[in-house]
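Chain A is the first sequence line, chain B the second, and so forth, proteins listed ahead of strands; every chain is numbered from 1.
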Amino acid sequence: MQQVRTRFAPSPTGYLHLGGLRTALYTWLLARKYNGRFILRIEDTDQEREVPGSVELIYKSMRQAGLTYDEGPDVGGDYGPYIQSQRKDTYLPYALQLIESGHAYPCFCTKEELDKRRAETTQRGDTWKYDKKCLSIPKEEAKRRMESGESYVIRQNIPATGTAGFDDILYGHVEVSCDTLDDNVLIKADGLPTYNFANVIDDHLMAISHVTRGTEYLSSAPKYNLLYSALGWTPPLYIHLPVVMKDATRKLSKRHGDPSFEDLLEMGYLREAIINFIALLGWSPGTDQEFFTLEELIEAFDETTLNKSPAIFNMDKLTWFNTEYIRRLPFEEYLELATPWFDKTLQGVEIDYKRLAELMQSRTEVFNRIPDMVAFLKEVPEYEVGLYINKRSKTTVENSKEALEFILPVIEGIEPWSEPVIHDALMGAIADSGRKNGAVLWPLRIALSGQQSTPGGAVEIACLLGKEESILRIQKALKKLAAEV
RNA sequence: GCCUCCAUAGUCUAGCGGUCCAGGACGCCGCCCUCUCAAGGCGGAAACACGGGUUCGAGUCCCGUUGGAGGUACCA
């Protein structure tokens with residue numbers, strides 16, 4: 001088997017969206033699985049759509065994702081340059097060769113003319129296809145006009161009859177009738193190639209063995225194979241990947257507010273979780289294993305068992321993966337990652353971050369949810385006294401007030417202020433008084449936090465807050481309750 | 001409209017003719033644990049789109065219908 005060389009070829013039009021990330025991942029996996037080479041190529045032949053800075057963003061995202069490439073614009077390689085606009089001069093000779101052999105021809109129709117003719121055709125209800133008008137221009141005349149500086153494009157000359165097809169590792173053999181194919185533009189008026197041409201030339205010149213790309217290219221692949229054979233080249237193996245959807249009918253798109261890879265990282269999703277989730281979106285190892293490192297993915301990946309239908313991106317499942325990965329983080333790493341998020345609402349408050357992190361690690365789903373969860377440590381939020389009413393603990397507004405009055409002196413007497421001491425003091429006093437734990441601890445948590453769900457229980461919260469602050473909060477709560485009774 | 005592709009629960013999927021009255025995961029619901037939440041333990045509801053074939057036998061093969069996706073640019 002020849003050396004496996006795969007390529008990820010994004011256009012620099014903005015962020016790396018998740019469908020792109022998945023394509024990149026599978027392409028990378030394929031190369032790594034066969035000890036091949038993974039190449040990054042930038043397809044920037046449409047200069048109008050190019051977004052400044054996005055090339056750098058692609059490099060950065062690839063690194064963050066852990067998808068190292070062996071050849072690419074910023075790492076070099078023997079098949080460069082890897083940015084198509086820098087390869088401008090390599091395409092025209094091949095196009096001229098195709099004109100020579102009759103597989104292409106120059107076209108002098110202007111965009112305006114074409115738009116008009118297209119509009120007329122579709123208005124009649126007919127299917128538009130370029131009518132090969134310029135094909136009938138005698139070669140000598142065409143040559144003269146090209147050299148005279150007249151604006152022109154070069155079109156592929158699709159045979160009027162017969163069929164064209166290609167083989168896909170996933171979809172098998174796909175064959176279409178040539179009369180459904182259009183004479184696409186190969187070289188634009190600005191001299192740059194279209195995707196339709198550049199992908200063929202570059203994939204061949206860069207010795208790409210497997211072409212992986214989205215299914216948006218599935219229906220034009222037969223045309224590309226026509227080009228390969230006109231040039232006398234062997235086409236690569238194809239793997240077309242289904243699109244990633246946001247729901248049953250719409251695809252995921254940054255433009256419609258769906259997060260990009262970068263967005264997810266900023267929100268506090270771990271890269272390992274994103275990769276793991278993405279890998280399983282449209283592919284299954286065939287076993288029940290669901291947690292994979294990149295290394296394990298290389299081992300388990302099988303390009304022939306990819307799913308052929310579009311998959312819907314499920315945020316809940318991603319979040320579940322993230323929660324699991326966060327839980328498995330070494331504690332020190334969690335503390336380091338969580339600290340800036342604690343700071344967002346606890347800046348300036350004296351809180352034992354280490355203890356807080358211990359309480360928070362198993363409760364963190366996404367890092368950006370941390371600030372809201374810990375904000376009560378800085379300040380008790382506004383709350384209704386109804387919070388004191390709890391069925392299971394059998395608490396009411398009245399007996400909560402009584403419970404707090406009972407426990408306040410106990411708390412005032414606790415020394416030193418540490419979790420075990422607080423715990424034993426409270427439990428002892430509650431037991432001695434013949435009360436139920438919940439009857440006292442529930443109101444206490446409400447008084448301390450102003451919310452019914454907190455990371456840790458009353459004891460942990462009290463300890464984090466400190467003795468003075470705890471007492472202050474209980475006194476304040478008593479005032480609030482007194483006003484109600 | 002035309003061309004191509006796809007079709008198992010709400011979602012991601014296993015299944016490649018009998019071992020499937022369909023397995024796993026997320027989500028959802030219930031119970032246990034418990035000072036809350038989370039975690040953990042136990043349990044539950046939930047799918048082969050439809051109609052024809054082929055076959056002793058079909059989720060699995062074929063055809064059609066329906067539904068969905070992609071394409072139909074001097075965008076990729």
Side-chain angles (χ1 to χ4, degrees), chain A residues 9-11 13 43-46 48-49 107 109-111 114-115 118 122 125-129 151-155 168 170-171 174-177 179-182 184-190 192-196 198-199 213-222 240 242-243 245 247-251 277 280-290 305 307-321 323 327 359-365 373 390 392-393 395 426-427 430 436-446 449 451-461:
Chain A
S11 291
T13 54
E43 309 221 325
D44 61 342
T45 56
D46 185 357
E48 288 182 18
R49 288 212 315 161
C107 170
C109 298
T110 64
K111 223 173 167 176
L114 290 170
D115 286 345
R118 180 165 27 231
T122 46
D126 291 339
T127 303
W128 163 260
K129 243 179 74 176
S151 180
Y152 69 95
V153 301
I154 297 175
R155 285 183 185 276
D168 187 282
L170 249 38
Y171 293 92
V174 177
E175 184 143 332
V176 297
S177 170
D179 59 24
T180 66
L181 267 21
D182 198 3
N184 283 136
V185 169
L186 265 22
I187 301 283
K188 298 183 277 188
D190 65 5
L192 282 166
T194 59
Y195 174 86
N196 299 320
N199 91 86
R213 50 154 74 128
T215 48
E216 59 266 34
Y217 301 108
L218 197 64
S219 32
S220 30
H240 287 90
V243 289
M245 309 290 285
D247 58 35
T249 58
R250 289 173 298 170
K251 71 171 167 184
F277 168 71
L280 263 20
L281 234 199
W283 173 75
S284 157
T287 65
D288 283 348
Q289 183 180 352
E290 47 195 353
T305 61
N307 215 297
K308 287 188 286 248
S309 40
I312 297 173
F313 184 88
N314 186 291
M315 203 67 174
D316 281 342
K317 186 135 191 189
L318 201 215
T319 300
W320 174 77
F321 267 114
T323 310
R327 193 168 301 147
L359 293 167
M360 288 291 292
Q361 185 163 7
S362 73
R363 289 168 236 257
T364 306
E365 297 183 310
M373 290 173 76
N390 180 269
R392 275 200 47 154
S393 302
T395 56
L426 292 184
M427 293 309 188
I430 292 168
K436 296 274 190 197
N437 287 342
V440 177
L441 295 172
W442 175 271
L444 181 55
R445 190 193 26 262
I446 304 294
S449 71
Q451 53 196 44
Q452 52 187 338
S453 113
T454 52
V459 172
E460 288 85 352
I461 297 167

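- Looking at which nucleotide of RNA chain B each of A:Ala248 and A:Ile312 is closest to, the 5′-most match is held by A:Ile312.
- Comparing A:Gly282 and A:Thr249 along RNA chain B, the residue whose closest nucleotide (by nearest heavy atom) sits nearer the 5' end is A:Gly282.
- Remark: P of B:A73 and CG of A:Leu186 are 15 Å apart, rounded to the nearest angstrom.
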## Note on the structure
Letter by letter from the 5' end, nucleotides 58-63 of chain B scores (B base, S sugar-phosphate only, - none; protein heavy atoms under 4.0 Å) ------
### Query
Does the side-chain contact (heavy atoms from CB on, under 4.5 Å) test come out yes or no for A:Leu426 and A:Leu444, once each step is laid out?
CA-CA 11 Å; A:Leu426 292 184; A:Leu444 181 55; 3.9 Å; yes
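- Taking atom P on both nucleotides, B:C28 is separated from B:A14 by 24 Å, rounded to a whole Å.
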Close N or O pairs between protein and nucleotides 74-76 of chain B (under 3.5 Å):
| residue | atom | partner | partner atom | Å |
| --- | --- | --- | --- | --- |
| B:C74 | O2 | A:Ala189 | N | 2.8 |
| B:C74 | N4 | A:Cys109 | O | 3.2 |
| B:C75 | OP2 | A:Lys188 | NZ | 3.3 |
| B:C75 | O2' | A:Asp46 | OD2 | 3.1 |
| B:C75 | O2' | A:Arg49 | NE | 3.1 |
| B:C75 | O2' | A:Arg49 | NH2 | 3.4 |
| B:A76 | OP1 | A:Thr45 | OG1 | 2.7 |
| B:A76 | OP1 | A:Asp46 | N | 3.3 |
| B:A76 | OP1 | A:Lys188 | NZ | 3.0 |
| B:A76 | OP2 | A:Tyr195 | N | 3.1 |
| B:A76 | O3' | A:Ser11 | OG | 2.8 |
| B:A76 | O3' | A:Glu43 | OE1 | 3.1 |
| B:A76 | O2' | A:Ser11 | OG | 3.0 |
| B:A76 | N3 | A:Tyr217 | OH | 3.2 |

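- Between the OH atom of A:Tyr171 and the P atom of B:C6 there is a distance of 7 Å, rounded to whole Å.
- When the P atom of B:C6 is taken as reference, atom CE of A:Met245 falls 16 Å away, rounded to whole Å.
- Remark: the separation of the P atoms in B:U4 and B:C26 is 41 Å, to the nearest Å.
- For the C1' atom pair drawn from B:C74 and B:G53, the interatomic distance equals 49 Å after rounding to whole Å.
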### Query
Going through the checks in order, is the side-chain contact (heavy atoms from CB on, under 4.5 Å) test met by A:Leu280 and A:Lys317?
CA-CA 11 Å; A:Leu280 263 20; A:Lys317 186 135 191 189; over 6 Å; no
### Message
Apply side-chain contact (heavy atoms from CB on, under 4.5 Å) to residues A:Thr194 and A:Val153 and explain how you reach the verdict.
### Response
CA-CA 10 Å; A:Thr194 59; A:Val153 301; over 6 Å; no
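- As rounded to whole Å, 15 Å separates atom C1' of B:U13 from atom NZ of A:Lys308.
- In this entry the distance linking CE of A:Met315 with C1' of B:C12 reads 15 Å, nearest Å.
- Atom CG of A:Asn184 is separated from atom C1' of B:G71 by 11 Å (rounded to the nearest Å).
- Nucleotide B:C3 holds its P atom 14 Å from the CG atom of A:Asp126, rounded to whole Å.
- Computed from coordinates, the A:Asp316 CG to B:A25 C1' distance equals 13 Å when rounded to whole Å.
- Distances shorter than 4.0 Å separate some side-chain N or O of A:Asn307 from OP1 or OP2 on B:A14.
- Taking 3.5 Å as the limit, the base of B:A25 and the side chain of A:Lys317 contain a donor-acceptor pair of atoms between them.
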### Query
Along nucleotides 34-41 of chain B, 5' to 3', which nucleotides get a B, which get an S, and which get a -, given that the test is a protein heavy-atom distance under 4.0 Å?
BBBBBS--
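- Aromatic ring pairs are classed by plane angle as parallel below 30°, tilted from 30° to 60° and perpendicular above 60°; the pair A:Phe313 and A:Phe277 is perpendicular.
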